[in-house]
Undergrad: 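One structure follows; several queries about it will come next.
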Amino acid sequence: MPKRNLKRLILAAGFTWMLSPAGLMAAESGAQAAPSTTSSSTSTPSATLPLEVRIDLLREQLATYLRNDDNQGIVDLIPQFRSLDLEFPDNLYFLEGRALYRLGRALEAQDRLITYLRNTGRDGTYYDEATALLLAVKEQAAEQEKQRQEQERQRREELAKRAEKARMLRIREVQASLQQLGFRQAEETGVLNKPTREAIAVYQIRRDLTVSGDVTDETLEHLKSEVPKKHNCDTLAGYSRTPEEFGLPIGRIASQAAIPACNEALRLYPDVVRFQVEYARALLAAGRDQDARVAVDKAADKGYPEAQTLIAWMYENGRLTDNGRPDYDNAMRWYKLAAKDNYPEAQLSIGQLHYNGNGVRRDYDEAAQWYARAANQGYPPAQTALGELYMTGRGVDRDYGQALQWISRAAEAGYPEAQFQMGELYERGRGVK
């Protein structure tokens, strides 16, 4: 059904002054108060009222805003005329454009004035004033358009950065899960490189998924179902899985609770490497050394540094020798295999062998270098050990300020030994009052 003519309705409502310069000037010259740019509260007439009544109410509001030079009120009100879904009078484009111009919204004002002139041409009631305003607003509108385009460019860049960050995190999540399932080549880089693509493709083939070599929702959901983020086994026998973490020392693992928990984890997720390592740690806590070695062998052979470090620990503590004596040579060999992957726990252990002179000549300088490699990755036990070197001046110049710096980092991460050492520093006034 064709739209009803708003102009005709306005004329019927006695709103003829809105459509002529003389009437408009008369409405504006009747202002009783000083001009104001602060808008009065604009109310919307109830949709249940007859259309003529609603138009009359809007007319009265618009007349008030024109008399008071309330440009914000005009700008807020005119869209209500549009919402009537009737033929829109061209003169309202002019009134809206002029109000926008006076509010400094040049770009929007230019749009309304152009629309008015395009619709009415030289026959428009406000042709002269509209053309003059259009010329006045041109430069300001160009500047605002430039600003708008720059804001849009920045918005697109920000959206692109967010999308890229989300994709990187998504790729890292897939890489971390693939790593746990034995795909060592899928390093956690956040980059979908060739090794990662190959690992994803092999995984998709093995799981009868759509083969794309890409991070798909199907692949990610399947990985989530196979590699849980948390299990009770992690709580009871967990180890350092990231440089910032520190696990339970083997001597503090409650094996009676940890062994069944890790057994359950392996039954549900047999291919997840971390559960294999944690199960071995629980077995070591129970004194089942050979069973622990068997549990972790496959992961160590695949090159997992946490598994290699655990075997090295067994050799260092005499768990794999007939006489129960430490085998420092084999311990060092396995620690260095793990250290090639920049695994901080292995780096710290190598430093401790040098510090204590176990299997090698005692060398504090060498110990300090290994401690620093692990500490710089954010590993709290290594940060604490390095801080202690600065306290004693072994391998480094004694520096209580540096000692406080390193130990406080570990203490803030919640590492108990570091928190104890912080208390020692404060008690003795070393590096602090």
Undergrad: With distance as the sole criterion, is a donor-acceptor pair present between the side chains of Glu345 and Ser240 under 3.5 Å?
TA: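 Looking only at side-chain atoms, Ser240 and Glu345 do not form any donor-acceptor pair under 3.5 Å.
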Undergrad: Tell me, please, which residues at least two apart from Ala299 pass side-chain contact (heavy atoms from CB on, under 4.5 Å).
TA: Val273, Gln276, Tyr304, Ala307
Undergrad: Got a sec, which pairs hit disulfide bond (SG atoms under 2.5 Å apart) with one end in residues 91-201, sequence neighbours left out?
TA: none
Undergrad: Should Gln180 and Glu226 count as side-chain neighbours, where that means a heavy-atom distance under 4.5 Å?
TA: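 No, too far: nothing below the 4.5 Å cut-off.
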Undergrad: Output the distance between atom CE (Met168) and atom CG (Leu192), rounded to the nearest 0.5 Å.
TA: 13.0 Å
Undergrad: Rounded to the nearest 0.5 Å, what separates atom CD in Gln61 from atom CG in Asp76?
TA: 10.5 Å
Undergrad: Less than 3.5 Å apart, any donor N or O on the side chain of Gln347 or Gln377 sitting next to an acceptor on the other?
TA: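 Yes, a side-chain donor-acceptor pair sits under 3.5 Å.
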Undergrad: Using a cut-off of 6.0 Å, state whether more than 12 heavy atoms not belonging to Glu139 lie near its atom CD.
TA: no
Undergrad: When you measure from the side chain of Gln185 to the backbone N and O of Thr196, does any donor-acceptor pair fall under 3.5 Å?
TA: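 Pair absent, no side-chain N/O of Gln185 close to backbone of Thr196.
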Undergrad: Which residues pass the salt bridge (charged side-chain N to carboxylate O under 4.0 Å, His left out) test with Arg398, sequence neighbours left out?
TA: none
Undergrad: Does the distance from a Lys or Arg side-chain N to an Asp or Glu carboxylate O, for Asp90 and Arg112, drop under 4.0 Å?
TA: no
Undergrad: Count the heavy atoms belonging to other residues, nucleotides or ligands that lie under 6.0 Å from CG of Asp397, then report whether that count exceeds 12.
TA: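 Open: at most 12 neighbouring heavy atoms sit under 6.0 Å from CG of Asp397.
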Undergrad: Calculate, to the nearest 0.5 Å, the distance between atoms CD and CG belonging to Gln110 and Leu113 respectively.
TA: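 These two atoms lie 8.0 Å from each other.
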Undergrad: Could you state the interatomic distance from OH (Tyr239) to OG1 (Thr309), rounded to the nearest 0.5 Å?
TA: 10.0 Å
Undergrad: Is Glu424 salt-bridged to Arg430, going by a charged N under 4.0 Å from an acidic O?
TA: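 No salt bridge links Glu424 with Arg430.
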Undergrad: Measure from the side-chain N and O atoms of Arg281 to the backbone N and O of Gly238, and report whether any donor-acceptor pair falls under 3.5 Å.
TA: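 Flag set: sc Arg281 to bb Gly238 pair under 3.5 Å.
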Undergrad: Taking the side chain from Gln204 and the backbone from Ala199, do they hold a donor-acceptor pair closer than 3.5 Å?
TA: no
Undergrad: Just to verify, what does Glu152 make a side-chain contact (heavy atoms from CB on, under 4.5 Å) with, not counting sequence neighbours?
TA: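 Expected list: Arg155, Arg156.
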Undergrad: Check whether any side-chain heavy atom of Leu134 sits under 4.5 Å from a side-chain heavy atom of Ile114, and report yes or no.
TA: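 Answer yes - side chains close enough.
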Undergrad: Examine distances only and state if a side-chain atom of Arg394 and a backbone atom of Leu389 form a donor-acceptor pair shorter than 3.5 Å.
TA: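 Checked: no pair found.
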Undergrad: According to salt bridge (charged side-chain N to carboxylate O under 4.0 Å, His left out), who are the partners of Asp234, at least two apart in sequence or on a separate chain?
TA: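 Result, salt bridge (charged side-chain N to carboxylate O under 4.0 Å, His left out) vs Asp234: Arg274.
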Undergrad: Which residues pass the side-chain hydrogen bond (donor to acceptor under 3.5 Å, both in side chains) test with Tyr400, not counting sequence neighbours?
TA: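 Listed in chain order: nothing, the list is empty.
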Undergrad: Check the surroundings of atom CD in Glu187: do more than 12 heavy atoms from other residues, nucleotides or ligands lie under 6.0 Å from it?
TA: no
Undergrad: Does Asp214 have any side-chain hydrogen bond (donor to acceptor under 3.5 Å, both in side chains) partners at least two apart in sequence or in another chain, and if so, which?
TA: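 For Asp214 there are no side-chain hydrogen bond (donor to acceptor under 3.5 Å, both in side chains) partners, ignoring immediate neighbours.
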Undergrad: Take Glu96 and Tyr101 through the side chain to side chain donor-acceptor pair (under 3.5 Å) test and state the conclusion after the steps.
TA: CA-CA 9 Å; Glu96 187 179 25; Tyr101 168 72; over 6 Å; no
Undergrad: Can you list every pair that meets salt bridge (Lys or Arg N to Asp or Glu O under 4.0 Å) and has a residue in residues 141-150, with sequence neighbours left out?
TA: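 Non-adjacent pairs meeting salt bridge (Lys or Arg N to Asp or Glu O under 4.0 Å): Glu145-Arg148, Glu150-Arg153.
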Undergrad: Would you confirm whether Gln175, through its side chain, and Ala186, through its main-chain N or O, come within 3.5 Å as a donor-acceptor pair?
TA: no
Undergrad: State whether a side-chain donor-acceptor pair under 3.5 Å links Glu278 with His231.
TA: no
Undergrad: With no hydrogens and no angle check, do the side chains of Thr48 and Ser46 hold a donor and an acceptor under 3.5 Å apart?
TA: yes
Undergrad: Can you measure from CE (Met332) to CG (Leu353) and round to the nearest 0.5 angstrom?
TA: 4.5 Å
Undergrad: Give every residue pair that meets the side-chain hydrogen bond (donor to acceptor under 3.5 Å, both in side chains) criterion with at least one member in residues 378-392, sequence neighbours excluded.
TA: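 Applying side-chain hydrogen bond (donor to acceptor under 3.5 Å, both in side chains) to every pair that reaches into residues 378-392, excluding sequence neighbours, yields Glu388-Gln421.
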Undergrad: Could I get the full list of salt bridge (charged side-chain N to carboxylate O under 4.0 Å, His left out) partners for Arg162, not counting sequence neighbours?
TA: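 Per chain and number, Arg162 pairs via salt bridge (charged side-chain N to carboxylate O under 4.0 Å, His left out) with Glu158.
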Undergrad: Any side-chain donor paired with an acceptor under 3.5 Å for Glu218 and His222?
TA: no
Undergrad: Would the distance check show the side chain of Thr219 and the main-chain N or O of Val215 forming a donor-acceptor pair, the cut-off being under 3.5 Å?
TA: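 No, because the side chain of Thr219 does not come within donor-acceptor range (under 3.5 Å) of the backbone of Val215.
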Undergrad: With a sphere of 6.0 Å drawn around NZ of Lys161, does it hold more than 12 non-hydrogen atoms of other residues, nucleotides or ligands?
TA: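 At most 12 heavy atoms, drawn from other residues, nucleotides or ligands, come within 6.0 Å of this atom.
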Undergrad: Looking at Gln179 and Arg184, would you say the former's side chain and the latter's main chain have a donor-acceptor pair under 3.5 Å?
TA: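 Yes; judged by distance alone, with no hydrogens or angles, the pair exists.
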Undergrad: List the atom of Tyr116, the atom of Tyr126, and the distance in Å for their closest heavy-atom pair.
TA: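 Heavy atoms only, the tightest pair is OH-N, 2.6 Å.
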Undergrad: Is it true that Lys224 and Glu221 have a side-chain N and a carboxylate O under 4.0 angstrom from each other?
TA: yes
Undergrad: For Phe81 and Phe88, what are the C-alpha separation, side-chain angles and deciding distance, and is it a ring pair (Phe, Tyr, Trp, His ring centres under 6.0 Å)?
TA: CA-CA 7 Å; Phe81 284 101; Phe88 192 73; 7.3 Å; no
Undergrad: Quick check: does any side chain N or O of Asp56 sit under 3.5 Å from a backbone N or O of Glu52, one acting as donor and the other as acceptor?
TA: no
Undergrad: Quick check on Gln256: does its CD atom have over 12 non-hydrogen neighbours (other residues, nucleotides or ligands) under 6.0 Å away?
TA: no
Undergrad: Kindly write out the residues that satisfy side-chain hydrogen bond (donor to acceptor under 3.5 Å, both in side chains) with Glu427, not counting sequence neighbours, or none if the list is empty.
TA: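 For Glu427 there are no side-chain hydrogen bond (donor to acceptor under 3.5 Å, both in side chains) partners, ignoring immediate neighbours.
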Undergrad: For Asp399, what residues pass the salt bridge (charged side-chain N to carboxylate O under 4.0 Å, His left out) criterion, not counting sequence neighbours?
TA: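 Once residues adjacent in sequence are excluded, Asp399 has no partner under the salt bridge (charged side-chain N to carboxylate O under 4.0 Å, His left out) criterion.
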Undergrad: Rounded to the nearest 0.5 Å, what separates atom CG in Leu62 from atom CG in Asp70?
TA: 10.5 Å
Undergrad: Hey, is the main chain of Asp365 close enough, under 3.5 Å, to the side chain of Asp363 for a donor-acceptor pair?
TA: yes
